[in-house]
Structures are given as structure tokens and as C-alpha cells.
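Owing to the predicted nature of the structure, the values given are computational and were not obtained by experimental measurement.
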Amino acid sequence: MGDRFQTIVDLDATATDAEPLARRVLDWLTAEGVVLAERTDCVLGQPLGQPPGPHWERAVTDDWDFEPWDGLAVHTSRTGFTSGADMPGAAVCPHCATATPLDDETRPRFFTAMQTWHDTGTASVDCPACTTPVAVPDWSWDETPLAFGHLGFEFWNWPDLTEDFRTRLAGQLDGHRTAYVWGKI
């Protein structure tokens, strides 16, 4: 069966923005009753998280067949968010929309840049098609979603989050771009 997660990643938050934005979103989520303010042992890989609140159903689709049994982990440090074990087949340039296959030639260049971004907070890869340098967080990915940022809201073992909820949460982030990453481990 495994454990499922869904993460809303703020692609534009800086290291300085992450904590205040996280507090704002958590205040909104608790006011909405989606999660509880009291932190408990309710998320995988983290010591504490926010358990589901009395109105958790405001965040999920109408056709849910289970209630959330874990909670929300909030990440406020530089993180590469992945969908689990799978990696994308191609990176898509935000400038020219060309999909670059991640093959034996290109994969090492992208993975090295991802590691550099994780270690230092800055790295780019020149698009093989248009030659524009593209910061690691600005690339998009086919098939398997990836996102790189300083702020992520990771819901563990919840029914599918609605597009409306994801949009409302993003509305708390000062107009920042967001990505939705989901997976199962």
C-alpha cells in the first residue's frame, strides 16, 4: 500500500521569506480548520507536524474514500522535492519550451547542478536548445515532478488535494509561483 504525499512548493521564497510565509500559511490553515495548531508525531521523516483539523475535508476532493491519517510537514530550508524513486525523463526549458531528454550525456550535468543548488543555493544549466542559462528551480520536468525551493507544505496520507485548495494556499504566498509534487513511497 505505501505512504502517499502531496507537496505544494513555493518556487520563489527565499531563505529569508520561508519562515514568515510558513507561519502565515499555518495560521490560515489552522483558522480554516484544515490542520491543528498543536504539533504532534504525525508525519514521516520529521519529528513533528500538524495533524488534520476538524475541517480537513475543505482541502480535498469530494470523492475521497479515506480520511487523512497523517499530517502536514512544513519544510523551510533549501530542499529538492521529488515524487519518490522515479526521476523525470526530460527537463523542459522555461524560455524555449524545448524538452531535453535526461540521457547519459545530459543527466550528469543536470544532477551536478541540482547538487550544487542544494549545497549552495545557486546553480544553473544552459539549455542545450536555446543556450540560455536556466536556474535549477526554474526548469520544469516531464512525467515525474520535481521542485526546488526553500518552502514546501507536504501532506502525508491525505486524499487528493483540490486544485481550488492549492490555489487558495498559493494565494497566501505573495503571488509566488508554486509547484505541486506528489508521490508514494
Any side-chain donor-acceptor pair under 3.5 Å between H75 and E154? yes

If you measure from CZ on R39 to CG on L72, what distance do you get to the nearest 0.5 Å? 9.5 Å

So for atom CG, which belongs to D103, do other residues, nucleotides or ligands contribute more than 12 heavy atoms lying within a distance under 6.0 Å? yes

Here the gap from I8 atom CD1 to R168 atom CZ, rounded to the nearest 0.5 Å, amounts to 10.0 Å

Report the distance from atom CD of E32 to atom CG of L169, rounding to the nearest 0.5 Å. 10.5 Å

Going hydrophobic residue to hydrophobic residue with side-chain gaps under 4.5 angstrom, can you get from V74 over to L173? yes

Minimum-distance pair of heavy atoms, taken over all atoms of L36 and P54: CD2-CD, 3.8 Å

Got a second to check how far T82's OG1 is from M114's CE, nearest 0.5 Å? 10.0 Å

Pair L29, V34 - check side chain to side chain contact (heavy atoms under 4.5 Å, CB included), show working. CA-CA 5 Å; L29 290 170; V34 174; 4.1 Å; yes

H118 NE2 to T116 OG1 distance, which is reported to the nearest 0.5 Å: 11.5 Å

Output, in order, the C-alpha distance, side-chain angles, deciding distance and verdict of ring-ring contact (aromatic ring centres under 6.0 Å, His included) for W182 and F5. CA-CA 6 Å; W182 67 97; F5 59 90; 9.4 Å; no

Is D160 salt-bridged to R4, going by a charged N under 4.0 Å from an acidic O? yes

Residues in side-chain contact (heavy atoms from CB on, under 4.5 Å) contact with T131, at least two apart in sequence or another chain: none

Interatomic distance, T14 atom OG1 to R78 atom CZ [nearest 0.5 angstrom]: 11.5 Å

Specify the closest pair of heavy atoms between D10 and T178, including all atoms of both residues, with the distance to one decimal. CA-CG2, 4.3 Å

Minimal heavy-atom distance between T76 and E19, with the atoms involved, is OG1-OE2, 2.8 Å

Indicate the atoms forming the closest heavy-atom contact of Q46 with A73, along with that distance. CG-CB, 3.9 Å

Considering only heavy atoms from C-beta outward, does the side chain of D17 approach that of H176 to under 4.5 Å? yes

Would you mind reporting whether L146 and P88 have side-chain heavy atoms less than 4.5 Å apart? yes

Check: F153 and Q6 side chains under 4.5 Å, non-hydrogen atoms: no

Should W28 and V35 be regarded as members of a common hydrophobic cluster, given that ILVMFWY residues are connected when their side-chain heavy atoms come within less than 4.5 Å of each other, either directly or indirectly? yes

Could you check whether T167 and D164, counting side-chain N and O atoms only, form a donor-acceptor pair closer than 3.5 Å? no

Grab the two heavy atoms, one from P137 and one from F148, that are nearest each other, plus how far apart they are. CB-O, 3.7 Å

Evaluate side chain to side chain contact (heavy atoms under 4.5 Å, CB included) for C93 paired with T100, printing each intermediate quantity in order. CA-CA 8 Å; C93 177; T100 299; over 6 Å; no

Once the angle between the rings of W141 and W139 is folded into 0 to 90°, is it parallel (under 30°), tilted (30 to 60°) or perpendicular (over 60°)? tilted

Close side-chain approach of D174 and L21, heavy atoms under 4.5 Å: yes

Do V9 and F155 land in one hydrophobic cluster if side-chain heavy atoms of ILVMFWY residues count as linked below 4.5 Å? no

Looking at side-chain heavy atoms only, is the closest gap between P68 and N157 below 4.5 Å? no

Looking only at heavy atoms, what is the nearest atom pair of D41 and L48, with distance? N-CD2, 3.8 Å

Partner residues of R177 under the salt bridge (charged side-chain N to carboxylate O under 4.0 Å, His left out) criterion, sequence neighbours left out: D12, D138

Do side-chain atoms of T106 reach the backbone of P101 as a donor and acceptor pair under 3.5 angstrom? yes

If hydrophobic clusters are built from ILVMFWY residues whose side chains come within less than 4.5 Å, do L26 and F165 share one? yes

Using the rule that Ile, Leu, Val, Met, Phe, Trp and Tyr join whenever any side-chain heavy atoms are under 4.5 Å apart, tell me whether L161 and W156 fall into a single cluster. no

Among W64, F66, W69, the one residue meeting ring pair (Phe, Tyr, Trp, His ring centres under 6.0 Å) with W56: W64

Restricting to side chain to side chain donor-acceptor pair (under 3.5 Å), what partner residues turn up for Q115, sequence neighbours left out? D119

Less than 4.0 Å between a side-chain N and a carboxylate O, is that true for R23 and D27? no

Taking the side chain as every heavy atom from C-beta outward, state whether Y180 and E163 have any pair of such atoms under 4.5 Å apart. no

